[in-house]
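Notes for the one structure printed next.
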Amino acid sequence: MVIHLKKVVPVGRTFDEYIKMFNLTENDCKRWILSVADGPASFNTEGTQLGYTIKSVDPLYVFNSEQIKTRFYEVIDDIIKQVENTSNDWVWSYHKSPQQLRKNRERVIALFCEDYEQGKKENRYEIGELPKLKYKDNEYELGLISHFLFLYSEYFDQQFHLDAIGEMLRVCQEVRIFPLITLKHEISPYVDIVIKIFKNKDYECKIETVSYELQPKGNQMLKITKV
Ligand SMILES: C[S@@+](CC[C@H](N)C(=O)[O-])C[C@H]1O[C@@H](n2cnc3c(N)ncnc32)[C@H](O)[C@@H]1O
């Protein structure tokens, strides 16, 4: 896929947000983690500093840090303006206000960009995109995917979701997906079928409530485990 910088919205989340979105325990963090569609999140940089082993995969990584940061500052004003205009449609228990949300996102892009070039040299940020990954069967213990599957159900169909999740389960012993809702803040039409199909393939599928919520009712995570 050719990716155009002008179409990219490189806004990412923190390590603390990942901990809460995925109910990650200390032991979970010590597992070999593959974080797919990781974008410009600071999960990898902060997690690496804490001594964890995290690989991030995203098509965004064809760009350099300057390009990603410049694009972030081109889009962030509009995003925050849209959030301010619909402020009652969001849950502020974590970020407190649209302005604080902006500060948090600026902190993330700064942390990400400081680490990114070095992280690329260490193969912690690798170019890749679902529904195919270049890694070996069971190479990773835990696969995470935040704000991509289910969220963009309007743009990626049911087959894409099944293929992408199947591929993550080929590579990882366990996969966690957050959130389960779409951009319209409705539960994705693919959640039930994903659970049904992977249960039939003898995976354990469990929806867990998490303590992170920015989109209303967007406080659930799907955990799929090989049994
Ligand atoms: C909303 S961002 C989420 C970033 C990060 N996971 C977070 O929560 O902060 C969605 C990411 O999905 C990536 N993406 C787009 N198409 C993809 C694909 N086919 N496979 C993997 N990632 C993809 C984008 O480049 C973008 O970085």
Side-chain angles (χ1 to χ4, degrees), residues 5-24 29 33 35-50 54 56 58-61 63 65-116 119 125 144-156 176-188 208-222:
L5 194 57
K6 284 283 171 205
K7 290 200 171 163
V8 166
V9 181
V11 177
R13 290 156 190 84
T14 58
F15 182 82
D16 186 60
E17 287 176 275
Y18 270 62
I19 292 285
K20 293 184 166 66
M21 293 185 294
F22 293 112
N23 276 346
L24 294 174
C29 291
I33 297 177
S35 193
V36 180
D38 213 34
S42 57
F43 176 61
N44 191 320
T45 175
E46 293 182 83
T48 301
Q49 278 167 20
L50 292 168
I54 301 167
S56 300
D58 200 294
L60 178 74
Y61 304 151
F63 300 111
S65 64
E66 250 340 281
Q67 289 172 308
I68 295 172
K69 191 186 267 184
T70 302
R71 183 66 189 149
F72 171 86
Y73 280 102
E74 280 171 9
V75 298
I76 192 67
D77 284 343
D78 273 355
I79 292 174
I80 296 299
K81 228 176 264 161
Q82 279 173 34
V83 172
E84 277 172 344
N85 290 341
T86 54
S87 160
N88 292 335
D89 297 343
W90 304 87
V91 177
W92 294 108
S93 51
Y94 186 87
H95 290 286
K96 307 301 178 204
S97 69
Q99 275 318 311
Q100 194 56 45
L101 173 67
R102 184 200 170 99
K103 280 195 189 135
N104 293 340
R105 296 295 178 248
E106 284 181 319
R107 187 175 151 263
V108 168
I109 201 78
L111 285 170
F112 170 82
C113 287
E114 272 169 33
D115 178 54
Y116 177 64
Y125 298 101
L144 305 177
I145 182 152
S146 147
H147 291 87
F148 178 62
L149 291 175
F150 297 138
L151 185 66
Y152 295 109
S153 292
E154 231 182 293
Y155 306 101
F156 295 91
R176 300 187 192 185
I177 307 168
F178 179 92
L180 307 188
I181 57 174
T182 68
L183 292 170
K184 289 182 181 155
H185 301 190
E186 292 158 354
I187 189 105
S188 162
E208 288 188 8
T209 298
V210 304
S211 62
Y212 183 85
E213 187 176 6
L214 178 58
Q215 291 176 280
K217 296 196 216 120
N219 62 341
Q220 289 186 312
M221 177 265 291
L222 175 60

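Nothing here was measured: the structure is a model prediction, and the numbers come from that model. Values below: all heavy atoms of this structure, side chains included; hydrogens, waters and symmetry mates excluded. Starting from 1, each residue takes its place in the sequence as its number.
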Chi angles and distances behind the side-chain contact (heavy atoms from CB on, under 4.5 Å) call for R13, F43: CA-CA 7 Å; R13 290 156 190 84; F43 176 61; over 6 Å; no
Nearest 0.5 Å please: distance from the [atom1] atom of [X] over to the [atom2] atom of [Y].
X    : Y    : atom1 : atom2 : result
C29  : F22  : SG    : CZ    : 11.5 Å
R105 : R107 : CZ    : CZ    : 11.0 Å
N219 : T209 : CG    : OG1   : 5.5 Å
I76  : K81  : CD1   : NZ    : 12.0 Å
F178 : L151 : CZ    : CG    : 9.5 Å
M21  : E208 : CE    : CD    : 14.0 Å

Candidate pair V36 and F148, rule side-chain contact (heavy atoms from CB on, under 4.5 Å), full reasoning: CA-CA 9 Å; V36 180; F148 178 62; over 6 Å; no
Parallel, tilted or perpendicular: ring planes of F112 versus Y61, cut at 30 and 60 degrees: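 Taking Y61 first and then F112, their aromatic rings lie parallel (interplane angle under 30°).
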Mutual orientation of the aromatic rings belonging to Y155 and Y152 [parallel < 30°, tilted 30-60°, perpendicular > 60°]: tilted
Heavy-atom pair with the smallest gap, counting every atom of [X] and [Y]:
X    : Y    : value
N23  : R176 : O-NH1, 3.5 Å
E46  : F15  : OE2-N, 3.0 Å
P40  : I109 : CB-CD1, 3.7 Å
I181 : Q215 : CD1-CB, 3.5 Å
T182 : S188 : CG2-CA, 3.7 Å
D58  : L60  : OD1-N, 2.8 Å

Q220 side chain reached by P179 side chain, heavy atoms, under 4.5 Å: no
Is the side chain of [X] donor-acceptor paired with the backbone N or O of [Y] at a distance under 3.5 Å, no angle test?
X    : Y    : value
E213 : K217 : yes
R71  : V8   : yes
T48  : T45  : no
E84  : Q99  : no
N44  : I54  : yes
W92  : S87  : yes

Full working for side-chain contact (heavy atoms from CB on, under 4.5 Å) between L149 and L222: CA-CA 11 Å; L149 291 175; L222 175 60; over 6 Å; no
Contacts of type side-chain hydrogen bond (donor to acceptor under 3.5 Å, both in side chains), residue D16, not counting sequence neighbours: K20, Y94
D38-S35 side chain donor-acceptor pair, cut-off 3.5 Å: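 Distance-only check passes for D38 and S35.
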Distance-only side-chain donor-acceptor flag, H95 / E17, under 3.5 Å: yes
